[in-house]
Amino acid sequence: MTDQIASILKSWGEPSYRLKQVDDARRSGARDWDDVTTLPKDLRARLAEVAPLWTVTPDAMAESRDGTIKWRLRTGDGLAIESVLIKHARGRRTLCVSSQAGCALGCRFCATGAMGPGRDLTAREIADQAFLAADVAREADARLSNVVFMGMGEPLQNTAAVFDAIREMHSPDGLGISARSIAVSTAGWVPGIEEMVAFEVPVRLALSLHAADDDTRTALMPINNRWPIANVLAACRRYADRTGRRVFIEYLLLDGVNDSVADANRLASQLRDGRFHVNLIEYNATTGQYRGSSPERATRFAEALQESGLHPSFRRSRGADIAAACGQLANTPA
Ligand code: SAH
Ligand code: SF4
């Protein structure tokens, strides 16, 4: 994964164990070349001139009341991206990584969408977010146990880099995170879902559905014009069949928009084949025009799904006080 560094070392005729020394140092907390004390000093100095040890550097950090940490990170070309580390019981941590600096898909409820398109991140820029977070977790005697691609950007528009980064996170020589503890969330980029069907690491797939009919979904998510609900669900079924894992359906509850009992019944009628699990999501305030559903309406919606044989879970909002919750990532001051 230290691909740029690997090719530099190779071109300089350095023995292959040098790369392992670099990787080991990165894993044990080295922040810059001076910390890689296993390398000869002159080699360190030469490397420092041509390549950074990390492709992303923490620039600002904020900690929420619930223990969630949000970083603003800078890429080598000065772009700002965000990663969020969520604290769980028993020393577990989930990292929410960014796959692009911005997002071109323009979902109406999402602050990243309001930023507009940015560039795709490289595999190293994605994996480095996880390596840095693993380090921070270790310092707190905790463990980075899960990674979710729910930060900035649409991961399935950047599959080559996302897949390489996942291989690195999953590999025992990398972070050793199990496939079922890595989740890729998509707004429904169907060609990317097809690529996932052929990808060898059976990670979890989450689809941001957010509506049960095409008119409502198109109004919320312009991507639905290209790949309507039936197409995207068909691609998800292929993924479920290939991996034997249920696909998570993310459903944001928006007051008066998609949260009626009729919506719940329509949703259930399309998801009743045992291949899906519904996650109901609390709306996090952005500059958009929406309001989250009241607890009463949310409960009624969940009950209607239950009556149809689906057993939804609720995703609690984390880090909202520092704008670190889902849909709030837009380089607000950390
Ligand atoms: N682009 C991908 C992954 C990043 S968004 C996707 O859309 O799935 C991660 C999750 O946050 C998605 O489920 C997205 O729909 C959700 N989200 C976006 N804006 C939100 C908001 N304001 N409140 C709660 N969740 C939001
Ligand atoms: Fe992009 Fe996902 Fe936000 Fe939609 S919800 S704008 S796809 S980041």
Side-chain angles (χ1 to χ4, degrees), residues 68 70 81-84 86 94-121 126 129 146-159 162 182-190 192-193 196 203-211 216-227 232 235-236 239 247-255 257-259 276-293 298 312-321 323-332:
T68 299
K70 175 169 90 167
I81 56 163
E82 291 181 335
S83 299
V84 178
I86 302 156
T94 294
L95 180 71
C96 180
V97 288
S98 292
S99 55
Q100 298 177 315
C103 186
L105 296 185
C107 302
R108 306 279 182 247
F109 43 78
C110 172
T112 310
M115 287 171 70
R119 80 162 161 81
D120 285 343
L121 299 182
I126 298 168
Q129 295 172 58
N146 295 67
V147 174
V148 295
F149 283 79
M150 294 191 183
M152 292 176 164
E154 169 51 47
L156 294 188
Q157 281 190 319
N158 185 17
T159 42
V162 164
I182 299 175
V184 171
S185 176
T186 179
W189 192 265
V190 168
I193 301 174
M196 279 191 70
V203 297
R204 285 191 192 279
L205 174 63
L207 169 69
S208 300
L209 190 63
H210 305 324
T216 308
R217 189 162 193 266
T218 301
L220 293 170
M221 305 177 72
I223 190 179
N224 198 66
N225 273 316
R226 239 164 126 176
W227 293 292
V232 76
C236 289
Y239 191 73
V247 171
F248 282 72
I249 297 294
E250 310 286 301
Y251 197 100
L252 193 54
L253 287 167
L254 299 171
D255 187 44
V257 174
N258 63 0
D259 66 345
F276 299 101
H277 177 82
V278 179
N279 237 335
L280 298 173
I281 306 176
E282 199 178 341
Y283 173 67
N284 297 309
T286 66
T287 48
Q289 62 193 23
Y290 302 103
R291 249 199 352 247
S293 308
S313 30
F314 267 103
R315 189 163 83 203
R316 263 190 327 131
S317 189
R318 301 288 303 265
D321 55 327
C326 280
Q328 293 185 320
L329 301 185
N331 294 323
T332 39

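We count ligands from 1, going down the list as the structure has it; atoms in each ligand are counted the same way.
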Subset of ligand 1 atoms that lie under 4.0 Å from at least one heavy atom of [X]:
{"X": "E282", "answer": "24 (C)"}
{"X": "L252", "answer": "23 (N), 24 (C), 25 (N)"}
{"X": "H210", "answer": "13 (O), 14 (C), 15 (O)"}
{"X": "T186", "answer": "6 (C), 8 (O)"}
{"X": "C110", "answer": "18 (C), 19 (N)"}
{"X": "F149", "answer": "3 (C)"}

So, taking the atom named [atom1] in [X] and the one named [atom2] in [Y], what distance separates them when rounded to the nearest 0.5 Å?
{"X": "N258", "Y": "L253", "atom1": "CG", "atom2": "CG", "answer": "6.0 Å"}
{"X": "T218", "Y": "N225", "atom1": "OG1", "atom2": "CG", "answer": "5.0 Å"}
{"X": "L205", "Y": "L156", "atom1": "CG", "atom2": "CG", "answer": "7.0 Å"}

Exercise. When you measure from the side chain of N158 to the backbone N and O of S99, does any donor-acceptor pair fall under 3.5 Å?
Worked result: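 Side chain of N158 to backbone of S99: a pair is present.
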
Exercise. Does any N or O in the side chain of E282 come within less than 3.5 Å of the main-chain N or O of G292, such that one atom is a donor and the other an acceptor?
Worked result: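 A pair under 3.5 Å: no.
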
Problem set entry | Within-shell test, Y290 vs ligand 1, heavy atom, strictly < 4.0 Å |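 Heavy atoms of Y290 never come under 4.0 Å of ligand 1.
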
Exercise. Would you say G151 contacts ligand 1, with heavy atoms under 4.0 Å as the rule?
Worked result: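 Contact check G151 vs ligand 1: positive.
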
Exercise. Looking only at heavy atoms, which two atoms of I81 and M152 are closest? And how far apart?
Worked result: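 Here I81 and M152 meet closest at CA-SD, 4.0 Å.
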
Exercise. With atoms numbered from 1 as shown, which atoms in ligand 2 lie under 4.0 angstrom from a non-hydrogen atom of L105?
Worked result: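 In order of number, 7 (S).
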
Problem set entry | Atoms of ligand 2, numbered as shown, that sit under 4.0 Å from any heavy atom of A187 |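 The list of qualifying atoms is 7 (S).
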
Evaluating non-hydrogen atoms only, which member of [options] is closest to [atom]?
{"atom": "atom 5 (S) of ligand 1", "options": "Q100, M150, M221", "result": "M150"}
{"atom": "atom 6 (C) of ligand 1", "options": "A111, S208, A285", "result": "S208"}
{"atom": "atom 1 (N) of ligand 1", "options": "C96, P155, G153, A187", "result": "G153"}
{"atom": "atom 8 (S) of ligand 2", "options": "G113, G153, A114", "result": "G153"}

Exercise. Does R291 CZ have over 12 foreign heavy atoms under 6.0 Å away?
Worked result: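 No.
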
Exercise. Please walk me through it: do F149 and V203 pass side chain to side chain contact (heavy atoms under 4.5 Å, CB included)?
Worked result: CA-CA 11 Å; F149 283 79; V203 297; over 6 Å; no

Problem set entry | Nitrogen or oxygen atoms of Y283 and ligand 1 under 3.5 Å apart |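 Among all N and O atoms of Y283, none is under 3.5 Å from an N or O of ligand 1.
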
Exercise. What do you reckon, does S185 have a nitrogen or oxygen under 3.5 Å from a nitrogen or oxygen of ligand 1?
Worked result: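 Yes, since at least one N or O of S185 sits under 3.5 Å from an N or O of ligand 1.
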
Problem set entry | Any N, O or S atom of C110 closer than 2.8 Å to atom 1 (Fe) of ligand 2 |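 Looking at C110, which is the residue asked about, there is no N, O or S atom under 2.8 Å from atom 1 (Fe) of ligand 2.
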
Exercise. Ligand 1 versus L207, non-hydrogen atoms closer than 4.0 Å: side chain, backbone, both, neither?
Worked result: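 Neither; no heavy atom under 4.0 Å.
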
For this session: Mind checking whether M152 contacts ligand 1 via backbone (N, CA, C, O), side chain (CB onward), both or neither, at a 4.0 Å heavy-atom cut-off?
Result: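 Neither; no heavy atom under 4.0 Å.
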
Problem set entry | Partner of N279 under side chain to side chain contact (heavy atoms under 4.5 Å, CB included), chosen from F248, F314, Y251 |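 Exactly one pass, corresponding to F248.
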
Exercise. Considering only heavy atoms from C-beta outward, does the side chain of T186 approach that of L207 to under 4.5 Å?
Worked result: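 A side-chain contact under 4.5 Å exists here.
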
For this session: For residues I223 and E154, determine if any side-chain heavy atom of one lies less than 4.5 Å from a side-chain heavy atom of the other.
Result: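 Of all side-chain heavy-atom pairs linking E154 with I223, none is under 4.5 Å.
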
Problem set entry | Pairs satisfying salt bridge (charged side-chain N to carboxylate O under 4.0 Å, His left out), at least one member in residues 217-227, at least two apart |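 Sorted result for residues 217-227: empty, none.
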
For this session: Select one of side chain, backbone, both or neither to describe which atoms of C107 lie under 4.0 Å from any atom of ligand 2, heavy atoms only.
Result: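 Both backbone and side chain.
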
